[in-house]
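Below is one structure, written out as structure tokens, with a few remarks after it.
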Amino acid sequence: MRHVFVIEGPAVLSGDVTVTGAKNSVLKLMAATLLAPGRSVISNVPAIADVRIMCELLHRLGCGIDYDAGAGTVAIDVPEAPGITADYELVRLMRASISVLGPLVGRMHAAEVAVPGGDAIGSRGLDMHQHGLEQLGADVSLEHGYFVASAPNGLRGTDISLPFPSVGATENLVMASVLARGVTTIENVAKEPEIVDICEMLVEMGADIEGIGTSRLVVTGVPGLRPVDHRCVGDRIVAGTWAFAAAATGGDVTVHGVELDLLPNVADKLVEAGARVEPVVSEDPAIAGFRVIGPSRPRPIRVSTLPFPGFPTDLQPFVITLNAVADGVGLLTENLFEARWRFVNELSRLGARVSIDGNHALVTGTDSLSGAEVEASDIRAGAGLVVAGLTAGGRTEVSGVDHIERGYEHFVEKLTQLGASVERVEKPDTVIP
Ligand code: EPU
């Protein structure tokens with residue numbers, strides 16, 4: 001049996017929705033707890049499948065795990081000597097598993113982490129992770145599908161300059177260098193809010209990091225770190241998903257848990273599309289957020305994805321969806337992942353008119369899409385197809401919901417709360433006699 005989301009469109013989303021912690025932060029925060037023996041507690045944890053995978057990975061490394069999905073907390077008891085091997089069985093389920101590499105080499109001076117393969121959005125190299133660790137003094141080789149890293153005398157500070165501000169490489173190298181001897185300078189680092197969150201947690205654990213939120217981090221190694229209680233930053237990609245869903249359906253949605261400063265270029269593009277965007281101010285981070293009032297029909301927008309503070313690649317499917325129902329011709333240029341177009345083929349099944357030329361998607365808006373059966377190829381593509389189904393007339397069936405559930409908590413419930421007609425339905429697998 002498999003599950004599909006069945007959407008009856010069109011829908012106009014309206015109401016309030018709360019966004020919890022960022023997938024792409026919490027997984028790394030969990031990995032970072034490996035740097036200090038003792039009990040760390042992370043709060044504002046989203047109830048998503050990837051958190052459960054990271055719990056299992058840390059459990060297999062010898063950590064005690066107490067995950068309360070309802071309360072949104074995970075307590076991790078890190079032993080004095082955690083294991084050093086992350087098996088392919090788990091790594092293949094989730095690329096973010098690679099983020100245990102830096103903490104393990106930093107603290108245990110050794111790690112064996114399966115190499116995650118490419119995936120549906122592109123080849124996704126790891127050369128910067130490997131090269132950076134080598135510069136910090138580790139020997140890193142690829143053996144039988146595993147990165148095998150060792151630094152018997154510990155890591156030592158060095159100067160690293162990343163050829164591209166890779167999110168994952170920045171995180172791994174910062175987590176590796178906090179316990180290194182001496183000073184590590186990392187130039188051209190990624191500045192995503194999730195990186196800031198990880199650096200802030202490391203500082204709360206006793207790390208010495210300067211330049212947080214800039215392109216240059218200076219890490220002065222310390223002999224040891226202590227466990228921590230830390231609240232994960234809100235998920236700006238999930239917040240952006242709701243914002244685009246409101247704009248594309250002509251809805252009125254108030255998003256809590258993520259403030260507009262985490263979505264610098266996104267708010268501008270929503271306004272260009274004809275939406276009104278207003279901040280919701282509160283001292284309480286779970287309430288602060290913003291409201292998006294969608295236009296009756298969006299204007300097309302031109303977007304180029306870039307590292308933060310540029311427009312996030314993870315919101316790309318929502319831009320294409322919005323342009324697909326806009327009044328005119330829009331353009332999306334993808335600069336981070338070469339193969340993020342599988343989504344476009346599926347969207348075309350709903351009647352979207354998209355032509356791809358290299359890394360550009362030219363979209364000619366139509367006044368209505370028509371519901372169809374489609375398949376999610378990754379988390380954001382899946383959520384994008386759901387949003388497209390909300391704008392379309394009739395029934396849309398999205399399969400591959402496992403992808404969506406890796407990154408969106410209680411998605412069907414939240415959509416229903418906003419007035420959409422969406423169900424999660426069990427379907428028999430196709431059997432070829
Ligand atoms: N790259 C290399 N070599 C490296 C590292 C990266 O060539 O050593 C290339 C990649 O192949 C890719 C580009 O650099 O073309 C960007 O990769 P980056 O390392 O910045 O991304 P990532 O750490 O693999 C994270 C998020 C992605 C998000 C990107 C970009 C996590 C778990 N994943 O991936 O999120 O798209 O940053 O912002 O943090 C998602 O949530 O759906 C998702 C795919």
Side-chain angles (χ1 to χ4, degrees), residues 24-37 40 54 57-58 61 63 76 78 82-86 90-91 94-116 124-142 146-152 154-162 165-190 192 194-203 205-209 212 217-222 224-225 228 230:
N24 290 346
S25 189
V26 75
L27 301 172
K28 330 302 173 64
L29 298 175
M30 291 172 74
T33 64
L34 286 167
L35 286 161
S40 285
M54 186 54 94
L57 204 160
L58 293 176
L61 290 172
C63 299
I76 301 166
V78 178
I84 58 157
T85 306
L90 287 177
V91 175
M94 185 181 75
R95 275 186 64 84
S97 311
I98 194 72
S99 53
V100 299
L101 181 62
L104 287 177
V105 183
R107 176 147 172 251
M108 304 309 297
H109 306 161
E112 292 175 7
V113 179
V115 179
R124 307 185 73 180
L126 292 168
D127 48 305
M128 289 182 240
H129 301 239
Q130 176 172 2
H131 189 55
L133 288 174
E134 285 169 348
Q135 284 181 278
L136 283 161
D139 276 333
V140 187
S141 55
L142 183 64
Y146 281 69
F147 276 129
V148 178
S150 85
L155 299 176
R156 50 172 161 66
T158 186
D159 292 341
I160 298 172
S161 180
L162 297 179
S166 153
V167 168
T170 301
E171 292 163 347
N172 251 331
L173 297 177
V174 172
M175 292 191 284
S177 58
V178 285
L179 293 177
R181 285 190 312 281
V183 178
T184 303
T185 306
I186 318 176
E187 304 272 0
N188 198 27
V189 293
E192 270 66 3
E194 296 76 28
I195 308 253
V196 171
D197 196 26
I198 293 155
C199 288
E200 285 177 350
M201 185 175 105
L202 292 169
V203 168
M205 293 171 83
D208 181 345
I209 307 175
I212 297 174
L217 292 174
V218 181
V219 183
T220 304
V222 294
L225 297 177
V228 72
H230 181 85

Donor-acceptor contact below 3.5 Å, side chain Asn188 vs main chain Leu162: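 Looks like yes, one N/O pair under 3.5 Å.
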
If we ignore hydrogens and angles and just use 3.5 Å, is the side chain of Thr170 paired with the main-chain N or O of Ala190 as donor and acceptor?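 Side chain of Thr170 to backbone of Ala190, a donor-acceptor pair under 3.5 Å: yes, one is there.
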
Could you tell me if the side chain of [Y] sits less than 4.5 Å from the side chain of [X], heavy atoms only?
X      : Y      : result
Ile160 : Leu136 : yes
Ser99  : Met30  : no
Glu171 : Ser166 : no
Glu194 : Val167 : no
Glu134 : Asp139 : no
Ile209 : Val178 : yes
Val78  : Ser40  : no
Asp197 : Leu29  : yes

How long is the straight-line distance from [atom2] of [Y] back to [atom1] of [X], given to the nearest 0.5 Å?
X      : Y      : atom1 : atom2 : answer
Ile186 : Gln135 : CD1   : CD    : 10.0 Å
Leu155 : Leu173 : CG    : CG    : 10.0 Å
Ser161 : Met128 : OG    : CE    : 10.5 Å
Leu225 : Leu35  : CG    : CG    : 5.5 Å
Ser177 : Leu133 : OG    : CG    : 9.5 Å
Met201 : Met175 : CE    : CE    : 9.0 Å

[X] versus [Y], closest heavy-atom pair with distance:
X      : Y      : answer
Ala151 : Gly137 : CB-O, 4.1 Å
His109 : Pro152 : ND1-O, 4.0 Å
Leu34  : Cys63  : CD2-SG, 3.8 Å
His129 : Gly168 : CE1-C, 3.2 Å
Ser97  : Met54  : CA-CE, 4.4 Å
Met205 : Ala32  : CE-O, 3.6 Å

Start with the C-alpha distance between Arg95 and Leu126, add both sets of side-chain angles, then the distance that settles side-chain contact (heavy atoms from CB on, under 4.5 Å), and finish with yes or no. CA-CA 11 Å; Arg95 275 186 64 84; Leu126 292 168; 3.7 Å; yes

Which one of Leu27, Val113, Leu90 satisfies the side chain to side chain contact (heavy atoms under 4.5 Å, CB included) criterion with Leu57?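 Single side chain to side chain contact (heavy atoms under 4.5 Å, CB included) partner of Leu57 among Leu27, Val113, Leu90: Leu90.
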
From Asn172, Val115, Val91, residue fulfilling side chain to side chain contact (heavy atoms under 4.5 Å, CB included) relative to Ile98: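 Answer to the side chain to side chain contact (heavy atoms under 4.5 Å, CB included) test with Ile98 among Asn172, Val115, Val91: Asn172.
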
Using the side-chain contact (heavy atoms from CB on, under 4.5 Å) rule, take Leu104 and Leu61 through it: C-alpha gap first, then chi angles, then the decisive distance, then the call. CA-CA 10 Å; Leu104 287 177; Leu61 290 172; 4.3 Å; yes

In sequence, state the C-alpha distance, the side-chain angles, and the governing distance for Glu112 and Phe147, and then conclude on side-chain contact (heavy atoms from CB on, under 4.5 Å). CA-CA 6 Å; Glu112 292 175 7; Phe147 276 129; over 6 Å; no

Would you indicate whether His131, at its atom NE2, is surrounded by more than 12 heavy atoms from other residues, nucleotides or ligands within a distance under 6.0 Å?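 Incorrect, the count does not exceed 12.
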
